[in-house]
Amino acid sequence: MSAPEPTGGSGRGAGPLGAPGALRGPADPEHDPTASYALEPAQVRTLTERVVSSTGRSEPTYCPFTGQPLAMIPQSSTQDVERAYARARRAQERWAATTIDERAARLLRLHDLLLERQAEITDMVCWESGKARKHAFDEPLHVALTARYYARTGHQHLDTTRKAGMVPGLTRVEVNRVPKGVVGIISPWNYPFTMALCDGLPALMAGNAVVHKPDAQTMLSALLGVRLLEEAGIPGDLWQVVAGPGPELGPAMIARSDYVCFTGSTATGRLIAKQCADRLIGCSLELGGKNPMLVLRDAQIDRAAEGAVRASFSNAGQLCVSMERMFVADQIYDRFVARFVERTRAMKLETGLDWGSDMGSLISQQQLDTVVAHIEDAVAKGARVLIGGSARPDIGPYYFEPTILEGVTPGMTCFGDETFGPVIALYRFHDEADAVARANAGGYGLNASIYSRDGARARALARRIRCGTVNINEAYAATFGSIDSPMGGMADSGIGRRQGSEGIHRYTESQSVATQRLIRLAPMLRMSDESYAKALTASMRLLNKLGRK
Ligand code: NAD
């Protein structure tokens with residue numbers, strides 16, 4: 001990283017352009033490295049015409065690499081939301097009548113399309129979110145993995161299943177998986193392509209329609225995804241897109257949804273949960289985190305240091321599962337920190353669409369302000385900046401250096417609040433029980449990481465960590481990319497799970513159908529109620545003796 005030397009543990013490292021307060025305004029357009037990537041107005045229109053909008057109003061989105069406007073996005077009103085739901089509902093009735101194999105074939109077509117068009121999608125994601133290419137290329141891949149997984153496992157999750165009946169042999173029970181209907185999806189900006197599509201694919205596979213509100217800052221990536229769905233043969237009206245402020249459109253969506261899938265902040269998640277509760281509809285909430293990484297005394301130091309860089313600075317820390325707290329065993333603390341700082345110093349911060357940059361931009365001035373505020377607060381209260389700590393307007397308007405802090409204490413904002421930026425706090429630990437207790441402290445419970453040479457010991461430790469996912473000798477990608485297993489948060493990090501069977505069953509109602517044969521479940525042949533009760537009781541004793549469930 002062309003960043004300041006470590007300060008030797010005393011105070012902020014000053015960036016070449018001085019204090020973060022100096023950072024305002026766009027980069028010099030003369031040096032706009034994204035100039036080679038310009039969408040023609042017609043190309044923008046092919047995307048934005050998918051937004052259900054009759055308002056005549058548009059709002060600009062901006063390119064974080066430059067801070068310059070990049071496209072005008074038509075805005076939806078609450079009447080447009082109503083229209084979107086009406087269209088989606090009609091489309092869903094037809095879609096629910098298709099077979100699992102027909103739906104799977106479209107998802108497999110989407111899988112291949114995503115791999116063919118990976119470069120185009122990655123360009124769009126970088127351009128619109130400001131992330132480095134090395135943190136964007138996996139977005140289409142993750143969606144392709146999800147499409148293939150649900151296509152190949154559709155029958156496993158959705159076929160009608162037989163269950164044990166009340167009277168063995170005479171009560172035949174089947175459970176159907178019935179689609180909920182129209183699912184409302186509200187997605188964030190940080191993984192604008194993945195988060196737009198990955199939750200909707202199982203909803204479609206299960207026979208639902210989707211009404212989707214992507215974050216206003218990254219509409220084009222989401223709309224590109226929706227176009228690819230159409231190219232893969234998903235009927236156009238089945239996935240509706242609305243655009244506008246969440247507090248305005250969100251309630252209108254929830255009022256008409258049969259289920260809501262939300263990814264975003266814990267504060268917004270709580271509001272959405274309340275609105276869903278009022279309507280007695282289900283929701284899954286994938287929320288924030290303050291994720292801990294534990295580096296045990298037997299960890300391979302270089303591997304852990306390499307993992308720590310990815311864990312802390314992928315997508316400039318704007319990743320729900322990235323690490324913001326790192327607990328390192330006393331025995332290896334100094335060696336590990338030296339390697340981690342060294343690897344961080346070697347990071348290249350560049351702007352643009354090419355490979356080569358190790359970290360991209362924050363998305364906006366607002367994100368930058370939060371990061372700056374957290375660091376200023378921590379430093380003012382005595383935290384030490386080992387490396388980083390400064391904004392880098394010389395690279396782009398919202399660039400901030402990857403930053404490693406020591407000496408963070410409970411009175412500091414970044415001790416427990418999610419920064420959602422490239423900032424990691426290091427803590428020493430002496431015994432593992434203490435490390436686990438500190439990792440579990442605070443309200444969040446999304447993702448954790450453990451580095452150790454002893455897999456069995458690390459897995460045993462994982463069971464004591466209150467997080468929905470735990471990655472051993474990896475930061476987050478091992479669980480996130482394993483679509484067969486559930487992913488989501490405990491406590492303030494959310495409700496429900498994406499991926500695996502839970503990720504698709506949330507979009508279905510289970511319906512039990514029991515067919516009673518030969519005998520009634522009532523006294524027969526002039527049997528008294530009392531004799532019937534005794535016969536039932538005797539049969540229950542017998543079934544228990546036979547070991548039946
Ligand atoms: P946010 O909650 O402000 O916004 C997320 C989405 O919700 C956006 O589309 C926004 O327009 C919409 N929204 C905002 N207010 C709303 C309201 N009142 N009603 C309905 N919709 C509303 O989140 P953010 O700060 O932009 O995103 C970052 C947060 O998302 C971080 O906390 C991060 O940890 C979290 N996140 C979690 C996951 C996960 O899988 N757990 C993934 C990505 C991001």
Side-chain angles (χ1 to χ4, degrees), residues 59 61 73 75-76 78 81 129 131 135 139 142 146 184-199 211-219 221-222 241-257 260-276 278 283-291 314-324 362-371 374 416-421 442-448 467-469 476 479-480 486-499 503:
E59 291 288 339
T61 57
I73 308 292
Q75 299 294 289
S76 313
T78 52
V81 171
S129 71
K131 65 177 68 174
H135 302 142
E139 294 210 33
H142 182 267
T146 307
I185 296 183
I186 300 176
S187 63
W189 46 264
N190 63 331
Y191 274 70
F193 191 79
T194 295
M195 289 295 141
L197 294 191
C198 73
D199 285 308
V211 176
H212 177 202
K213 194 205 80 59
D215 190 277
Q217 296 166 98
T218 48
M219 287 294 299
S221 301
V241 181
V242 292
E248 190 183 314
L249 301 192
M253 289 176 69
I254 295 167
R256 292 168 179 83
S257 293
V260 173
C261 168
F262 170 77
T263 305
S265 64
T266 297
T268 308
R270 283 189 208 286
L271 289 176
I272 286 177
K274 284 180 192 146
Q275 293 166 37
C276 290
D278 273 350
C283 59
S284 55
L285 307 170
E286 304 286 345
L287 309 177
K290 189 76 188 173
N291 304 309
S314 287
N315 196 24
Q318 301 165 115
L319 171 59
C320 57
V321 287
S322 67
M323 301 297 150
E324 298 201 355
L362 294 167
I363 186 126
S364 64
Q365 185 67 48
Q366 189 186 339
Q367 262 331 93
L368 178 63
D369 289 344
T370 304
V371 172
H374 278 209
D417 288 8
E418 186 185 40
T419 306
F420 219 53
Y444 291 116
L446 190 57
N447 180 43
C467 283
T469 52
Y476 56 83
T479 50
F480 206 77
M487 186 269 152
M490 298 183 185
D492 289 354
S493 292
I495 295 175
R497 297 287 183 268
R498 59 164 59 104
Q499 304 189 170

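We count ligands from 1, going down the list as the structure has it; atoms in each ligand are counted the same way.
Scanning all protein heavy atoms for the shortest distance to atom 32 (O) of ligand 1 gives E418 OE1, 2.6 Å. Among all protein heavy atoms, the one lying closest to atom 8 (C) of ligand 1 is D215 OD2, 3.3 Å. Protein heavy atom at the shortest distance from atom 9 (O) of ligand 1 is S187 O, 2.8 Å. Summary of contacts: the protein heavy atom closest to atom 18 (N) of ligand 1 is P247 CA, 3.5 Å. K213 NZ, 2.8 Å is the protein heavy atom nearest to atom 11 (O) of ligand 1. Closest to atom 13 (N) of ligand 1, if we only count protein heavy atoms, is G246 CA, 3.6 Å. Closest protein heavy atom to atom 23 (O) of ligand 1: S265 N, 3.3 Å.
Counting the atoms of ligand 1 from 1 in the order shown, those under 4.0 Å from a heavy atom of P188 are 43 (C), 44 (C). Numbered from 1 in the order shown, with element, the atoms of ligand 1 that lie under 4.0 Å from a heavy atom of G250 read 20 (C). Heavy-atom proximity to I272, at under 4.0 Å, picks out these atoms of ligand 1: 20 (C). Applying the 4.0 Å criterion to heavy atoms of C320 picks out, from ligand 1, the atoms 34 (O), 36 (N), 37 (C), 38 (C), 39 (C), 40 (O), 41 (N), 42 (C), 43 (C), 44 (C). Of all the atoms in ligand 1, the ones that sit under 4.0 Å from a non-hydrogen atom of G288 are 32 (O), 34 (O).
Distances from atom 35 (C) of ligand 1 to the heavy atoms of S284, A252, G264 show the closest one on G264. Nearest to atom 7 (O) of ligand 1 by heavy atom, out of F262, W189, F420, is F262.
Side-chain contact of Y191 with S129: a donor-acceptor pair under 3.5 Å is absent, judged by distance alone. Between T146 and R498, the side chains place no donor N or O within less than 3.5 Å of an acceptor N or O (distance only, hydrogens not considered). Looking at T218 and S221, their side chains never bring a donor and an acceptor atom within 3.5 Å of each other. Using a 3.5 Å distance cut-off with no hydrogens or angles, the side chains of N447 and T469 do pair a donor with an acceptor.
For C320 against N291, the heavy-atom pair with the smallest separation is O-ND2, 2.7 Å. The shortest non-hydrogen separation linking H374 to E418 is CE1-O, 3.6 Å. Taking both residues in full, the closest heavy atoms of Q75 and G244 are given as OE1-CA, 3.3 Å, listed atom of the first, atom of the second, then distance. When all heavy atoms are compared, the tightest approach of F193 to E139 is N-OE1, 2.9 Å.
Note on K290 versus E324: salt bridge recorded, some NZ/NE/NH1/NH2 to OD/OE distance being below 4.0 Å.
The shell of residues lying under 4.0 angstrom from ligand 1, judged by heavy atoms, excludes Y191. Ligand 1 lies nowhere less than 4.0 angstrom from a heavy atom belonging to G494.
At least one N/O-N/O distance between L287 and ligand 1 falls below 3.5 Å. Taking distance alone, with nitrogen or oxygen atoms compared against 3.5 Å, T263 stays at or beyond that limit from ligand 1. Close N/O approach between T268 and ligand 1 is found [any backbone or side-chain N/O within under 3.5 Å]. Looking at ligand 1, you won't find any N or O of N190 less than 3.5 Å from one of its N or O atoms.
Note: I254 CD1 to I272 CD1 = 4.5 Å, rounded to the nearest 0.5 Å.
With a 4.0 Å heavy-atom cut-off, ligand 1 is reached by no atom of P245. For I186, every heavy-atom contact with ligand 1 shorter than 4.0 Å involves the side chain, none the backbone. No part of T266 comes within 4.0 Å of ligand 1, judged by heavy-atom distances. For L249, no heavy-atom contact with ligand 1 is shorter than 4.0 Å. Proximity of Q318 to ligand 1, defined as any heavy-atom pair under 4.0 Å, is not found for any part of the residue. Proximity of R498 to ligand 1, defined as any heavy-atom pair under 4.0 Å, is confined to the side chain (atoms from C-beta onward).
Relative orientation of the F420 and W189 rings is perpendicular, given thresholds of 30° and 60° on the angle between their planes.
Annotation: side chain of D199 is in contact with side chain of T263 (closest heavy-atom distance under 4.5 Å). Inter-residue side-chain proximity for Q499 and P486 is flagged as unmet; no heavy-atom pair is nearer than 4.5 Å. At a threshold of 4.5 Å between non-hydrogen side-chain atoms, the residues M219 and V241 count as touching.
The side-chain contact (heavy atoms from CB on, under 4.5 Å) with L362 is formed by just one residue from the set D369, T370, N315, V371; it is V371.
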